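Worksheet for the structure shown next.
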Protein chains: 2
Amino acid sequence: MTPKGALAKEKILTGAKALVMRKGFAGTSVDDILAETGVSKGAFFHHFKSKADLANQLMRWYADGDIRMFRTILARAEAAHDDPMDQLMQFLTDFEVYLSDPENPPKGCMYALYTYEDDHFENDLKGFVAETLQSWTAMYIRKFQEVIDRHPPVRPVTAKRLAEMFVAVIEGGLILQRAYRNPGMTARQSEQFRDYLELLFPRAIA
Amino acid sequence: MTPKGALAKEKILTGAKALVMRKGFAGTSVDDILAETGVSKGAFFHHFKSKADLANQLMRWYADGDIRMFRTILARAEAAHDDPMDQLMQFLTDFEVYLSDPENPPKGCMYALYTYEDDHFENDLKGFVAETLQSWTAMYIRKFQEVIDRHPPVRPVTAKRLAEMFVAVIEGGLILQRAYRNPGMTARQSEQFRDYLELLFPRAIA
DNA sequence: CATTAAACAGACCAAACAGTCTGTAATATG
DNA sequence: CATATTACAGACTGTTTGGTCTGTTTAATG
């Protein structure tokens, strides 16, 4: 693939993501994407052999960017602090800043979107979404485990449960954010979750 | 509308709900619904003047049943206890039983589904979804306020925040439940949320 | 600079789609 | 029992859909 081709493909993916986030995948036609991006039908089917192929590549492309973003925020938090609880809190507040970006607040989560339409997708793709969500969760499990090991929680709790709760809280926040058209909802959920953590790990707070 | 007609309409709504929950609204064709329910095209368009009309009526029908279910569980909890914290905990555990029903565990939330496809729907319908979510939240706000008034929380917290967090946690749990095909995820989120409440209102726990 | 392959453009197609229309069976009502 | 209305049945239609195909332009490569 030539650099020019890669650029065109990126344009299609970007436009498709924007449309899919508003209308769902089944609700977005190939012609919609062509109109949005100005790309021709020939060009589209040169880069994607079918709409199902777009579904696959779009998700993989999205997940790649998404996971990369999380790793970046986490790496920064880990570099800034020694104590895992400090790292975690730093991560969460940085994540809240990202969520509240006035330029482009996240419009939703593509994992959730695919999950609510999953009958159309191949098992392969459904598996990929589940694995990606799990690897996202796994990042948090590791960190929560470090926190638990260092600072005994006041109530028995597992790292897995906390990690899953955080993911759920964010996913739920994004839904409320869309439904209410209130871009601050998701960050608020993260804040409230921090409150829970501070209660669970009181001795870890400065 | 004759009783027979009402029955047919109910059959269409039930079948449409099942399909929409699996494939999304845009991803479900009228012909799909006809095949699923055995209803004829003539009958369908006798009861619904368009697919958009189905979107409206389906959501209103769903919301009616949904809110009714919540009110029932809440009323039972309120009848069983005097203390608002006891009522709340009873409500949550009863709700968890409902979520874990081995017969038909909830496959998802239609508010979330519509929210992730909202570009297709009329403003009217989008508004209705937002209002319904808010009236659902409002139920919890009232109860949390009673708890806060009776049992001072160990950290400052608003009833609104707690209510929104609970809704987010459930919505997020349903997404994980679908993605992982694990029907227990949502109830676990509710459990974990209870843990938070018990930390927040320690003196309210027997 | 010739050749080959990638990148596109857009007319075209069959299937799926939402919705219509005409006719018929069931049911309520005076 | 006559009549009107509701409830359906299903063939049909115009449009949208995902996808193909043929031809042309652009760019890499020996």
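Every chain is numbered from 1 and lettered A, B, ... according to where its sequence line falls, protein lines coming before strand lines. Because the structure is predicted, anything quoted here is derived from the model rather than measured.
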Can you tell me the distance, in whole Å, between the CE atom of B/M1 and the P atom of C/dA28?
13 Å
Presence of salt bridge, A/D118 and B/R22, under 4.0 angstrom:
no
What is the separation between atom CG on A/L7 and atom C1' on D/dA27, rounded to the nearest whole Å?
14 Å
Side chains of A/Q57 and A/K9, donor plus acceptor under 3.5 Å:
yes
Nearest listed nucleotide, side chain of B/P3, among D/dT6, C/dA28, D/dA9
C/dA28
Ion pair check, B/R188 and B/E96, cut-off under 4.0 Å
no
Are the charged groups of B/D64 and B/R60 less than 4.0 angstrom apart, N to O?
no
For B/S40 and for A/K51, locate the closest nucleotide of DNA chain D by heavy-atom distance; then report the residue assigned to the nucleotide nearer the 5' terminus.
B/S40
Within the structure, does a side-chain N or O atom of A/H46 lie under 4.0 Å from either OP1 or OP2 of C/dA7?
yes
N-O pairing of B/D195 and A/R161 below 4.0 Å
no
Nearest to the B/T2 side chain among D/dC8, D/dT6, D/dA28, which nucleotide is it?
D/dT6
Is a donor from one side chain sitting under 3.5 angstrom from an acceptor on the other, for B/H81 and B/Q90?
yes
Distance only, no hydrogens: is a donor on one side chain within 3.5 Å (strictly under) of an acceptor on the other, for B/Y196 and A/Q192?
yes
Using atom CG of B/L54 as one end and atom P of C/dG19 as the other, report the distance to the nearest whole Å.
10 Å
For DNA chain D, the residues among residues 12-34 of chain B that have a non-hydrogen atom under 4.0 Å from it:
none
Atom-pair distance (CZ on B/F44; P on D/dA7), nearest Å
15 Å
Could you state the atom-to-atom distance from CZ of A/F45 to C1' of C/dA11 in whole Å?
15 Å
Does D/dC8 have OP1 or OP2 sitting under 4.0 Å from an N or O in the side chain of B/H47?
yes
Do the side chain of B/K41 and the base of C/dG19 come within less than 3.5 angstrom through a donor-acceptor pair of N or O atoms?
yes
Between P on D/dC21 and NZ on A/K49, what's the gap in Å once rounded to a whole number?
15 Å
Between A/F48 (CZ) and C/dC8 (P), how many Å, whole number?
11 Å
